[in-house]
Amino acid sequence: MTWNAALSGCLKVGRTDFVWKLYQEMIECGVVADVDVETVGYLIQAFCADNRVSEGYELLRQVLVNGLVPENAVFNKLISGFCKEKQYTRVSELLHTMIAKNRVPDNYTYQEVINWLCKKGKGLEGLRVFNDLKDRGYAPDIAMYTTMIHGLCTMGWLGEARKLWFEMIEKGFHPNEYTYNTMIHGFCKIDNFEEAKILYKEMCNKGHKETTVSYNTMMTGLCLHGRTDEAYRLFQEMHQKGIVRDLITYNTIIQGFCKEGKIVESMNLFRELLAQGLQPSTYSYTPLIQKLCQVGAVQEAKGLWNDMKNIGLEPIVGTHDYIIIGLCDQGDAAEGMEWFIEMLNSKLKPKQETLGRLVECLTQRDRLDDSLLVLEFMFRTGYALEKGVCHSLVNKLCWEDNHFVETCLGEILEGK
DNA sequence: CTAGGGTTAG
């Protein structure tokens, strides 16, 4: 019982490393004979938390053979894990096993299924599961309604979402913080701030507190539709009201300002983020680097890139593209080429536009060999060559009176 | 201690 309590606690705080260590100690202490279905359940859940779902499933199958049947929670974690990996055959197997072993799938089980279907772009499937459940007499609870409403909002199906909202209320579930924020997010997403604000007010009137999440939700929506100034007003309001501004808050505003070209404001906010002791994420840097490159401040962009790498953050693919284009805009073909090679070494695929720009720049700088190298990659990737790029290349090749002209032209035409 | 889900960026 003591071991199990400890395992459960470690799992709860996300320290699977301690789960495995404790299990090791159990073996060393010779208490393995005491390992029961509960212990195994924790081990399976630890596998799931470590994204080693298949190993968890294997362990489940072993204990089932021995006649032990873990709790619903264990099955649910496995189902959730396989949903995340889109292994729906496994999900269906597990549901059947649950029924066969008298562990009837519950709201938590199906909520996870619906949640992941929606998150993996199968919202329609999710809705089908949801409706099937109702037809079969299951009574979805408020979390399940929220999940489904969220899925519908993400797909932009506000009408359907709203219908469920009222259906939920009719069944006696009053919207809580989660439901309100979900619905508000939905309205913001489709640029319907009137409805969003009505709901926001209603949420407050019903006694739900304004939170970091509620503010972030509104601010995200406003930034998404170019209303950055309004978002920034909310940002200041948060401070006045003493509502904590978290990483999402800062990232949202930084991105919003960058989109509008307000790079100075963005940088100030970024510094404030650091001063607050918040740990920046990849997406704190991404819009800044992008914008700096676009305004020709590649050196500064590279500085941020290095800072980012130094604290162990990995830039997203697109950031490489921005740097290369920024370098090309400055006419620095040589370094652009270096970054391109670096991308290839890291197995990253630059965008077609980036490579077109690079070819153009290399050509202008008389680096024909490099141009052809990039071209070769483009053709191999199945990228098309834009007309302008093609022109400048052909011009240069003819001008040079290069005796490879014909071969090169042949290749270019073949590629097209 | 023994069971857990849903909201905000990218």
Side-chain angles (χ1 to χ4, degrees), chain A residues 1-12 36-39 41-42 45 48-49 70-80 83 103 105-116 118-119 126 130 140-151 153-154 161 164 168 173 175-186 188-189 196 199-200 203 208 210-224 231 234 238 243-256 258-259 273 280-290 313-319:
Chain A
M1 188 196 280
T2 313
W3 287 104
N4 282 342
L7 288 169
S8 165
C10 294
L11 208 52
K12 210 171 265 171
D36 59 9
V37 66
E38 201 182 317
T39 317
Y42 295 134
Q45 291 184 68
C48 293
E71 301 279 335
N72 265 23
V74 177
F75 284 95
N76 292 350
K77 285 273 162 51
L78 285 166
I79 287 175
S80 173
C83 279
R103 291 281 187 270
D106 52 23
N107 270 338
Y108 293 93
T109 318
Y110 288 114
Q111 190 268 335
E112 272 313 76
V113 174
I114 293 169
N115 191 16
W116 282 106
C118 290
K119 288 205 168 119
F130 185 78
D141 59 13
I142 191 162
M144 207 132 142
Y145 268 103
T146 308
T147 302
M148 197 63 248
I149 289 171
H150 178 241
C153 285
T154 307
L164 281 189
M168 183 189 85
F173 298 113
N176 60 20
E177 195 184 326
Y178 290 101
T179 333
Y180 271 112
N181 283 322
T182 299
M183 201 70 231
I184 290 168
H185 172 239
C188 286
K189 232 187 137 118
L199 272 184
Y200 197 99
M203 174 179 80
H208 300 289
E210 292 184 289
T211 59
T212 305
V213 173
S214 76
Y215 265 95
N216 286 351
T217 304
M218 286 302 294
M219 285 161 57
T220 299
L222 290 165
C223 286
L224 183 68
L234 294 184
M238 284 178 90
I243 295 167
V244 175
R245 302 191 282 210
D246 65 3
L247 182 64
I248 296 179
T249 318
Y250 278 98
N251 285 359
T252 302
I253 299 283
I254 288 173
Q255 194 203 33
C258 280
K259 243 179 14 194
L273 177 161
S281 67
T282 300
Y283 285 94
S284 315
Y285 289 94
T286 303
L288 288 166
I289 295 178
Q290 174 183 0
L313 293 174
E314 207 44 54
I316 56 167
V317 195
T319 312

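What you are looking at is a predicted structure, and each value in this text was computed from that prediction instead of being measured. Here is how names work: the chains are called A, B, and so on, in the same order as the sequence lines, proteins then strands, and each is numbered from 1.
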Can you see whether A:Y108 engages A:E112 through a side-chain donor-acceptor pair at a distance of less than 3.5 angstrom? no

What's the closest nucleotide to the side chain of [X] if the choices are [options]?
| X | options | answer |
| --- | --- | --- |
| A:T217 | B:dC1, B:dG5, B:dT8 | B:dT8 |
| A:L247 | B:dT7, B:dG4, B:dA9 | B:dA9 |
| A:E112 | B:dG5, B:dA9, B:dC1 | B:dG5 |
| A:T220 | B:dT7, B:dT8, B:dG5 | B:dT8 |
| A:D106 | B:dG10, B:dA3, B:dG6 | B:dA3 |
| A:E71 | B:dG6, B:dA9, B:dA3 | B:dA3 |
| A:K12 | B:dG6, B:dC1, B:dG4 | B:dG4 |

In this structure, how many angstroms lie between the [atom2] atom of [N] and the [atom1] atom of [X], rounded?
| X | N | atom1 | atom2 | value |
| --- | --- | --- | --- | --- |
| A:L222 | B:dA9 | CG | C1' | 14 Å |
| A:H208 | B:dT7 | NE2 | P | 17 Å |
| A:K189 | B:dG10 | NZ | P | 8 Å |
| A:M144 | B:dG4 | CE | C1' | 14 Å |
| A:I248 | B:dG10 | CD1 | P | 10 Å |
| A:I184 | B:dA9 | CD1 | C1' | 17 Å |
| A:K119 | B:dT8 | NZ | P | 7 Å |
| A:I149 | B:dT8 | CD1 | C1' | 16 Å |

Give a yes/no answer on whether the side chain of A:H150 brings an N or O atom under 4.0 Å of OP1 or OP2 in B:dT7. yes

Taking only the side-chain nitrogens and oxygens of A:Q111, find out if one of them lies under 4.0 Å from OP1 or OP2 of B:dG4. no

Please determine whether any donor N or O and acceptor N or O are separated by less than 3.5 Å between the side chain of [X] and the base of [N].
| X | N | value |
| --- | --- | --- |
| A:N115 | B:dG5 | no |
| A:D141 | B:dG6 | no |
| A:T146 | B:dG6 | yes |

Do the side chain of A:T147 and the main chain of A:A143 share a donor and acceptor less than 3.5 angstrom apart? yes

For A:P315, does its backbone N or O pair with a side-chain atom of A:T319 as donor and acceptor, under 3.5 Å? no

According to a cutoff of under 5.5 Å between the ring centres and under 30° between the ring planes, does A:Y108 stack with the base of B:dG5? no

Exercise: identify the closest heavy-atom pair between A:C188 and A:T217: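 In terms of heavy atoms, the two residues are closest at SG-O, 4.3 Å.
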
Categorize [X] for me: base, sugar-phosphate, or nothing, with a 4.0 angstrom heavy-atom threshold over every strand shown.
| X | answer |
| --- | --- |
| A:T282 | nothing |
| A:Y250 | nothing |
| A:T252 | sugar-phosphate |

Residues that A:V37 engages under side chain to side chain contact (heavy atoms under 4.5 Å, CB included), provided they are two or more places apart: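 Checked A:V37 against side chain to side chain contact (heavy atoms under 4.5 Å, CB included); matches are A:L68, A:P70.
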
Rounding to the closest angstrom, what is the interatomic distance between B:dG5 and B:dA9 at atom C1'? 22 Å

As an exercise, state the distance from CG of A:L247 to OG of A:S284, rounded to the nearest 0.5 Å. 4.5 Å

